[in-house]
Number of protein chains: 2
Amino acid sequence: MPTIRDVAREAGVSISTVSLVLRQPHRVSEGTRVRVQEVIKTLNFRPNGTARDLRVRKSGTIGVFLRNLSGPYYSELIGGIEQVATSLRLTPIVCGRSVDEEQGSRRLLRERRIDGAIVLDFGITLSELAEYSAPDLPIVVLNRTLPCPLASAHITVVKIDDDGGGYQAGKHFIDQGFLHPAVITGPVEAEASQARQRGFFRAYAEHGIASTGILVIHGDFTEEGGAEAMATILNLNLAIDAVFSANDQMALGVLQVLAKHNIRVEQIAVMGFDDISLARYVQPALTTVHQPMFEAGVTAMKLLGQAMMGEERIPPRTLSTSLVIRSSTPKKSSSE
Amino acid sequence: MPTIRDVAREAGVSISTVSLVLRQPHRVSEGTRVRVQEVIKTLNFRPNGTARDLRVRKSGTIGVFLRNLSGPYYSELIGGIEQVATSLRLTPIVCGRSVDEEQGSRRLLRERRIDGAIVLDFGITLSELAEYSAPDLPIVVLNRTLPCPLASAHITVVKIDDDGGGYQAGKHFIDQGFLHPAVITGPVEAEASQARQRGFFRAYAEHGIASTGILVIHGDFTEEGGAEAMATILNLNLAIDAVFSANDQMALGVLQVLAKHNIRVEQIAVMGFDDISLARYVQPALTTVHQPMFEAGVTAMKLLGQAMMGEERIPPRTLSTSLVIRSSTPKKSSSE
DNA sequence: ATAAGGAATCGAACCGTTTCGATTCCGAAT
DNA sequence: ATTCGGAATCGAAACGGTTCGATTCCTTAT
């Protein structure tokens, strides 16, 4: 692999001239410029990015850290990020959950191989992020709440209005006439599902139904977990007429259990959260709360861009959800 | 951000000693070792990866280049890659399709920021890859055929047996009694779909049915494309009893059109290819040919690992598909 | 007491760029 | 003829680590 030195020698100019040809061609006379460019072509010289990074102290690269790479859920998010990143001349590189402490996302952060990061993987704690973040390595965190005074001047939060989404869900249930719902929430450490549940309760509270009367059971955000939770609920033999699941995946499990017991959504309605693409396809199609992932990607990347330009203490953004009504929540026939 | 120099000064040792503490602790006496480690901790020193990369001429990083980040299809592949990569102490970073020539995957390749690559994005041509590949930057390409003599000593191919999969599909149709199939294939430039179609034809040929009697129509691998293709087929008003789609996505579109026209799979059976997770969920559940993506990831990463150890001209690998029979291909009732 | 050998530590070169300040060169202005 | 100014080019110092060979310092054998 030829270096800039080889090119310089071959073209009979100094190293700095070659560099100039590469970065600020207008500063070099036409004669030498074309000569150098020819040598570059014939030697197939490509400047070493690592060396450049070291010298200019940045990489033109940002990290996107996901929990796992699955689902069109993320692909939309990344689509949004990429759209903005391209216009900022930045290359996003994405990493899945880092199992190994020494590899993956944490390594990129620790070793400063990136100029910024967008973090969704909730396996990376806020205190870790606070430690890694710096003026030249700002971080945007998705879907988390920061302890009240911004932990670090270089961390920005973009979140979905989970509480509002939960409220929309509750409101919709009430509108359809479901007054005896049960809730399948996520793991306790998942802030998002807490908020969803809170909003859901609020809607019912406004309608005069106290949360104390609503059964809550914890799931683990997986399909199987949702199924188990639903089975547990059925065993209790309560008079419920609807189930709100804190994410779509679990709602899928709920639908399966219901189908197995020959219970129709007219008897027990089901609602999810997220609007994963599967939601549209299952039978009956799942009513759910849509998360604006593409918009989240765009917003996150824009804010990261600003932070990379030096802006500090960027205030958090909250994006609104929207209701997607499908067939799993049919209006309840008049009689209660 | 402190550098190794700061640590050295603070700890009263030379730079080389600090480096030694970091990389080969056993070579440093216990006393200085703990002292240096303490300074590292208090200064919160983290070695700069870029500087290290430059010196040792590698990054411990490999690129995974996808066409788009969507779909659990890829998440399995990446799962396989990550599993092996971790054991090799390598960090995989994934990039979507690079729109901009100056950004994304191409930049990582060109600027040698990675030590190896696994390429699925068929937007990157083989000749490009041949140009980028080198002893210290081997590449594994998925699902492509190389022009006969290996184009480069540092490119390895891992592919799915598309032809075999197509054959399995054809065989299954025949077994179920469908003797008048139509085929919805992919874009002409997609080698894979050609091979699938070829295998499919072979099965029928063995059963005495010539490919000349089988209608073929081109789709674009999307759901809408599949729907359009199916609509076209229906308009022709032919006496077909089954449709083989070169991928699941298009098959989904086919199912929708069929449903809209109130045609049941008992009249026109449908089969896809890929086994995306949706296939299990649609109504009726889609019979399809499963691609071993996880295994593909594992294989690709293993071979890349070998190539990175210096092995050259690694022969291509082909992985077998398997049939997943669901409800979209019910056995045809005796009468033809 | 001295030589030999091993452990601990160090100095300096090096990786491949960018960039700042200096130098050369040339034509125009005085 | 001399000075001046700008354009073109260059030399050398970074950037922040790793690593090789040299040096220092002990301990042990002679």
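Residue numbers start from 1 in every chain, and the chains themselves are labelled A, B, ... in the order their sequence lines are given, proteins ahead of strands.
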Check the distance between D:dG16's C1' and A:Lys58's NZ and give it to me in whole angstrom.
-> 18 Å
Is the closest basic N to carboxylate O distance between A:Glu82 and B:Arg97 below 4.0 Å?
-> no
Would you say A:Leu108 and A:Cys95 make side-chain contact, with heavy atoms under 4.5 Å?
-> yes
B:Glu111/A:Arg52 ion pair, N-O < 4.0 Å = no
From CG of A:Asp53 across to P of C:dT18 the rounded distance in Å is 10 Å
Can a salt bridge be assigned to the pair B:Asp53 and A:Arg113 using a cut-off of 4.0 Å between side-chain N and carboxylate O?
-> yes
Could you tell me which non-hydrogen atom of B:Arg112 sits nearest to which non-hydrogen atom of A:Arg46, and how far apart they are?
-> NH1-NH2, 3.1 Å
Do A:Asp121 and A:Arg67 meet the salt-bridge criterion of a basic N to acidic O distance under 4.0 Å?
-> yes
Out of A:Ile78, A:Ile62, A:Val140, A:Leu77, which one pairs with A:Met301 under the side-chain contact (heavy atoms from CB on, under 4.5 Å) rule?
-> A:Ile62
Report the distance from atom CG of B:Leu22 to atom P of D:dG16, rounded to the nearest whole Å.
-> 15 Å
How many Å lie between CD on A:Glu111 and P on D:dG17, as a whole number?
-> 10 Å
Below 3.5 Å is the cut-off: list the nitrogen or oxygen pairs between protein and nucleotides 8-15 of chain C, distance only.
| residue | atom | partner | partner atom | Å |
| --- | --- | --- | --- | --- |
| C:dT9 | OP1 | B:Ser29 | OG | 3.2 |
| C:dT9 | OP1 | B:Thr32 | OG1 | 3.2 |
| C:dT9 | OP2 | B:Ser29 | N | 3.1 |
| C:dT9 | OP2 | B:Ser29 | OG | 3.2 |
| C:dT9 | OP2 | B:Thr32 | OG1 | 2.9 |
| C:dC10 | OP2 | B:Ser14 | N | 2.8 |
| C:dC10 | OP2 | B:Ser14 | OG | 3.3 |
| C:dC10 | OP2 | B:Thr17 | OG1 | 2.6 |
| C:dG11 | N7 | B:Ser16 | OG | 3.2 |
| C:dG11 | O6 | B:Ser16 | OG | 3.3 |
| C:dC14 | O2 | B:Arg55 | NH1 | 2.8 |
| C:dC15 | O3' | B:Arg57 | NH2 | 3.3 |
| C:dC15 | O2 | B:Arg55 | N | 3.4 |

Would you kindly give the CZ-to-P distance between A:Arg113 and D:dG16, to the nearest whole Å?
-> 15 Å
Starting from the first five and the last five pairs of the helix from C:dA1-D:dT30 to C:dT30-D:dA1, work out the angle between the resulting helix axes, to 10 degrees.
-> 60°
Looking only at non-hydrogen atoms, find the nearest pair between B:Val36 and B:Ala11 and report the distance.
-> CG2-CB, 4.1 Å
Grab the CG-C1' distance between A:Asn48 and D:dC15 for me, whole Å please.
-> 13 Å
